[in-house]
**Student:** 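Here's a structure for you.
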Amino acid sequence: LEPDDLACRPSTLILPRTGFLSLGLPREVLRLASHCRTAREVLCVLSAHRQWPASLTHHGAQSGGLLAHTVRAVTLAHSHAGARDPALGTAFLLTVLAHDAGKILAYEPHPGGGYVHRSYAHANKSADLLVAAGIFTEFPRDLADAVLIALRSSTSKVLTPIPDNGPAAAKTLLHWLTTVDQQAVECDVAELKA
């Protein structure tokens with residue numbers, strides 16, 4: 001595809017979606033959803049997969065762990081200075097909201113119970129989900145690209161580094177995301193131990 005094709009033709013992922021308002025989400029998450037249509041789309045997908053785990057063997061491995069981890073990360077992100085950045089604030093919060101959403105496509109329910117990996121590339125799938133959710137129609141192209149590049153690099157900066165000529169905003173978003181996600185994982189693990 002040429003870059004103009006992505007801007008003109010929406011990408012489609014067929015995923016169940018449900019309303020998210022019944023989830024009892026914290027004010028910080030609802031605030032993001034109130035002014036970001038792409039965030040609302042991601043929340044509808046997360047809501048339909050509310051039983052998904054955040055991991056298969058580590059933090060949030062229980063039913064509902066993905067939604068709980070995501071909500072915790074977005075709540076923590078609202079306290080981060082990046083959330084108040086006039087140019088990147090909404091993009092940062094959306095990056096945090098979507099950072100693990102690709103696990104819905106990467107994990108598959110096992111017939112005997114639990115989940116198994118269908119793919120280990122959940123960060124790429126998170127970026128794909130944002131494209132299908134309409135990030136290119138809501139954000140300027142350079143900012144949408146920065147979010148997608150940051151997401152694709154988030155799982156392994158060694159395997160998928162941000163190119164030297166990549167947008168500076170991608171590096172900033174990745175740094176902020178890494179900080180917030182690390183805090184959320186630490187809270188998840190502490191809760192698991194308790």
Side-chain angles (χ1 to χ4, degrees), residues 1-17 36 38-49 52-61 65-67 69-70 73-74 77 88 90-110 115-182 184-185:
L1 292 175
E2 295 297 319
D4 289 342
D5 291 332
L6 286 175
C8 297
R9 289 185 238 152
S11 297
T12 304
L13 288 174
I14 306 299
L15 287 173
R17 301 170 66 253
C36 181
T38 307
R40 289 192 297 276
E41 290 295 319
V42 172
L43 284 168
C44 286
V45 171
L46 287 170
S47 178
H49 298 85
W52 244 246
S55 74
L56 300 183
T57 59
H58 191 247
H59 72 98
L66 176 60
L67 185 61
H69 170 74
T70 300
V74 173
L88 298 177
T90 301
F92 166 54
L93 294 171
L94 180 62
T95 304
V96 173
L97 176 69
H99 82 282
D100 276 343
K103 290 181 177 180
I104 291 165
L105 299 165
Y107 297 168
E108 181 175 273
H110 187 274
Y115 293 80
V116 294
H117 280 104
R118 179 187 313 168
S119 166
Y120 287 91
H122 83 270
N124 284 332
K125 295 183 181 308
S126 295
D128 294 344
L129 199 147
L130 278 187
V131 172
I135 191 169
F136 285 116
T137 60
E138 185 171 11
F139 288 82
R141 179 70 190 220
D142 59 335
L143 189 52
D145 282 341
V147 169
L148 298 174
I149 290 168
L151 282 174
R152 292 186 194 285
S153 296
S154 66
T155 298
S156 176
K157 295 165 199 69
V158 173
L159 293 176
T160 314
I162 295 176
D164 290 338
N165 65 345
K171 295 173 185 176
T172 301
L173 290 170
L174 178 59
H175 175 69
W176 292 347
L177 169 62
T178 302
T179 301
V180 168
D181 188 36
Q182 197 169 41
V185 168

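All residue numbers in this chain count up from 1 along the given sequence. In this text the structure is predicted, and so the values were computed from the model without any measurement.
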**Student:** As an exercise, state the distance from CG of Leu151 to CD1 of Ile135, rounded to the nearest 0.5 Å.
**Tutor:** 7.5 Å
**Student:** So, do Ser55 and Tyr115 sit near enough that their side-chain heavy atoms are less than 4.5 Å apart?
**Tutor:** no
**Student:** Which pair of heavy atoms, one from Ala91 and one from Leu143, lies closest together, and at what distance?
**Tutor:** CB-CD1, 3.8 Å
**Student:** A side-chain contact here means heavy atoms from C-beta on lying under 4.5 Å apart; do Thr90 and Phe139 qualify?
**Tutor:** yes
**Student:** Side-chain contact, heavy-atom cut-off 4.5 Å: Trp176 with Thr95?
**Tutor:** no
**Student:** Using 0.5 Å steps for rounding, measure from the CG atom of Leu177 to the OG1 atom of Thr172.
**Tutor:** 12.5 Å
**Student:** What I'd like to find out is whether the side chain of Leu97 reaches to under 4.5 Å of the side chain of Thr70, using heavy atoms alone.
**Tutor:** yes
**Student:** Quick one, His122 and Leu105 - any side-chain contact, counting heavy atoms below 4.5 Å?
**Tutor:** no
**Student:** Nearest 0.5 Å please: distance from the CD1 atom of Ile149 over to the CG atom of Leu173.
**Tutor:** 10.0 Å
**Student:** Calculate, to the nearest 0.5 Å, the distance between atoms CG and CG belonging to Leu93 and Leu88 respectively.
**Tutor:** 10.5 Å
**Student:** Got a sec, which residues hit salt bridge (Lys or Arg N to Asp or Glu O under 4.0 Å) with Glu41, two or more places apart in sequence or on another chain?
**Tutor:** Arg17
**Student:** So do Leu174 and Ser154 actually touch side chain to side chain, heavy atoms under 4.5 Å?
**Tutor:** yes
**Student:** Are the side chain of Ser119 and the backbone N or O of Ala106 linked by a donor-acceptor pair below 3.5 Å?
**Tutor:** no
**Student:** Take atom NE2 of His117 as the centre, draw a 6.0 Å sphere, and report whether it contains more than 12 heavy atoms from other residues, nucleotides or ligands.
**Tutor:** yes
**Student:** Once rounded to the nearest 0.5 Å, what's the spacing between atom CZ of Arg152 and atom CG of Asp145?
**Tutor:** 10.0 Å
**Student:** What closest approach, in Å, do Ser126 and Gly102 show between heavy atoms, and which atom pair accounts for it?
**Tutor:** OG-N, 2.8 Å
**Student:** What residues form a side-chain contact (heavy atoms from CB on, under 4.5 Å) with Ala184, not counting sequence neighbours?
**Tutor:** His69, Arg72, Ala73, Leu76
**Student:** What's the separation between atom CG in Leu66 and atom NZ in Lys103, rounded to the nearest 0.5 Å?
**Tutor:** 7.0 Å
